[in-house]
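Throughout, a chain's letter reflects where its sequence line sits, starting with A, and its residues are numbered from 1. Keep in mind that what you see is a predicted model, and the values were worked out from it rather than measured.
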2 protein chains.
Amino acid sequence: MGVTAEPDSALHADAARPSRREQILQAAARLFAERGARSVGVDDIGAAVGVTGPAIYRHFTGKDAMLAEMLLRISERLQAGAERVVLAAGDDPRAQLDALVAFQVDFALDNPALITVQDRDLGALSEDDARQVRRLQRRYVEQWVAVLTALDPDATTAACRARAHALFGLINSTPHSAGRLSRPAMRALLVTMATSAATG
Amino acid sequence: MGVTAEPDSALHADAARPSRREQILQAAARLFAERGARSVGVDDIGAAVGVTGPAIYRHFTGKDAMLAEMLLRISERLQAGAERVVLAAGDDPRAQLDALVAFQVDFALDNPALITVQDRDLGALSEDDARQVRRLQRRYVEQWVAVLTALDPDATTAACRARAHALFGLINSTPHSAGRLSRPAMRALLVTMATSAATG
DNA sequence: CCCCGACGTGAACCGTGGTTAACATCCCGG
DNA sequence: CCGGGATGTTAACCACGGTTCACGTCGGGG
């Protein structure tokens, strides 16, 4: 399936007044996060934006196409963002780590729904789409691994990869402890814990 | 709809030769973890233990009853285990934390499938069963919160709860970084990182 | 020996939900 | 004013999968 090209509408994606297409994607993300993609009906998604179920098919080829586009966008944003902040951090591995941590924490706090969907519903994708998402995710992980390796040259690549996943788990715990803490407090807490965990 | 009483079969649960009922639960746990509860059919579960789909109904009242029993058992094991290890650790909060960390790490390494199912498929339970599971989970979390509060009396309860969830996320990342590291190495890595994250 | 309960099987039933079809509405460019 | 594309709606279609049914087998106790 893959994401349909759609050259023009994809560009002004998050404009001031989001297009109906974007409204749908956003509503779907929220619903998918709450109940799981397979438990959400197209009628539910439609109702969330004020239309009936079949209206969705004016904007997407099908339900799985929505999920695919959603996951591909997330993976792409994460991958590109990580590349950007690492470059901006200069040559110091410690500064690079701080940049990655801050980036991931902000992303998780800004998009708890996307975080939840990404690691729960990847299995609902077609093998083709899943492969593409995994490729992007792998590139994202490898950026963390590179930084962690620079910080601790004695550690094996496998160990650094496991550390990276552990840090993701820590930071992505946000959706589970929802709302109890103010955002700045939560941000500070996660940054501190992740940094401590990473630097031992 | 709650776990059926079943006084005799429940007792010799994990005997040397697991009963057909236990085989089914174990196979279901593995499949649920791989694909998500809603994506695995009763036929799949049956096939995994060498019978046809409807045979399941000789042992369970339905598919959701399996999931409910699975999640209730996990929550119960975690809650009871935490209570046990904290008591065994004596009065020192630091020793209590170490005990909780070791306990959770061992559980996650021993039962990656259960860990995955627990935090992904809770939403698939009936409201009644979900409430019961959440009650047990809350009691488990509160044990961590108590220890974390003892370690850092200035922190608010909300902050300690967020810290506990972050630590769960870190430790439960095991299923994501599957198998690349030997078990002892993975155990040491997770214990070190969790302890660092918890004690800043 | 025979009956009964435990355990399975294949076939059928049926609700749910994704998808398509056929038909309105609205708005804009010619 | 008219035609057509974008966007929706309702009703129908249809596959999938959980569940039930009617029937077999088998082993152990009266």
Contacts under 3.5 angstrom, residues 186-200 of chain A side chains, donor-acceptor by atom type, not counting sequence neighbours:
unit_1, atom_1, unit_2, atom_2, d
A:Arg187, NH1, A:Asp106, OD1, 2.6
A:Arg187, NH1, A:Asp106, OD2, 2.7
A:Thr192, OG1, A:Ala188, O, 2.8
A:Thr195, OG1, A:Val191, O, 2.7
A:Ser196, OG, A:Thr192, O, 3.0
A:Thr199, OG1, A:Thr195, O, 2.8

Residue set satisfying side chain to side chain contact (heavy atoms under 4.5 Å, CB included) with A:Ser75, at least two apart, ordered chain then number -> A:Gln118, A:Val133, A:Leu136, A:Gln137
Sorted by chain and number, sequence neighbours left out, side chain to side chain contact (heavy atoms under 4.5 Å, CB included) with B:Ala185 holds for B:Leu181, B:Ser182
Residues in side-chain hydrogen bond (donor to acceptor under 3.5 Å, both in side chains) contact with B:Gln143, at least two apart in sequence or another chain: none
note: A:Arg21, atom CZ; D:dG8, atom P; distance rounded to Å ~ 13 Å
Run the side-chain donor-acceptor check on residues 82-92 of chain B: report pairs under 3.5 Å with partners two or more places apart or on a different chain.
unit_1, atom_1, unit_2, atom_2, d
B:Glu83, OE1, B:Gln79, NE2, 2.9
B:Asp92, OD1, B:Arg94, N, 3.3
B:Asp92, OD2, B:Ala95, N, 3.4

Output a table of donor-acceptor pairs, distance under 3.5 Å, between side-chain atoms of residues 109-117 of chain A and any protein atom two or more places apart or on a different chain; print 'none' if there are none.
unit_1, atom_1, unit_2, atom_2, d
A:Asp110, OD1, A:Arg183, NH1, 2.4
A:Asn111, ND2, A:Phe107, O, 3.1
A:Thr116, OG1, A:Pro112, O, 3.0

Under the side-chain hydrogen bond (donor to acceptor under 3.5 Å, both in side chains) test, residues paired with B:Arg35 that sit two or more places apart: B:Asp44
Round to a whole Å and report the spacing from CG of B:Leu67 to C1' of D:dG18. 14 Å
Which donor-acceptor pairs under 3.5 Å do the side chains of residues 45-53 of chain B make with protein atoms, sequence neighbours left out?
none

Taking the basic N atoms (NZ, or NE/NH1/NH2) and the acidic carboxylate oxygens, is any pair closer than 4.0 Å for B:Glu142 and B:Arg138? no
Between the protein and nucleotides 9-13 of chain D, list the N/O to N/O atom pairs that are separated by less than 3.5 angstrom.
unit_1, atom_1, unit_2, atom_2, d
D:dT9, OP2, A:Thr52, N, 2.6
D:dT9, OP2, A:Thr52, OG1, 2.4

Rounded to whole Å, how long is the line connecting atom CD1 of B:Ile56 with atom C1' of D:dT20? 15 Å
Could you state the NE2-C1' distance from A:His59 to D:dA6, rounded to the nearest angstrom? 9 Å
Test of understanding: with salt bridge (charged side-chain N to carboxylate O under 4.0 Å, His left out), list the residues that count as partners of B:Asp43, not counting sequence neighbours. none
With heavy-atom distances below 4.5 Å as the criterion, would you say the side chains of B:Phe60 and B:Arg21 are in contact? yes
For chain A, the stretch of DNA chain C it reaches, first to last nucleotide, under 4.0 Å of its heavy atoms: C:dG18 to C:dA22
Contact list for DNA chain C against residues 24-41 of chain A - heavy-atom distance below 4.0 Å: A:Val40, A:Gly41
Starting from P on D:dG17, measure out to CD1 on B:Ile45 and report it in whole angstrom. 12 Å
A:Arg20 CZ - D:dT7 P separation (whole Å): 9 Å
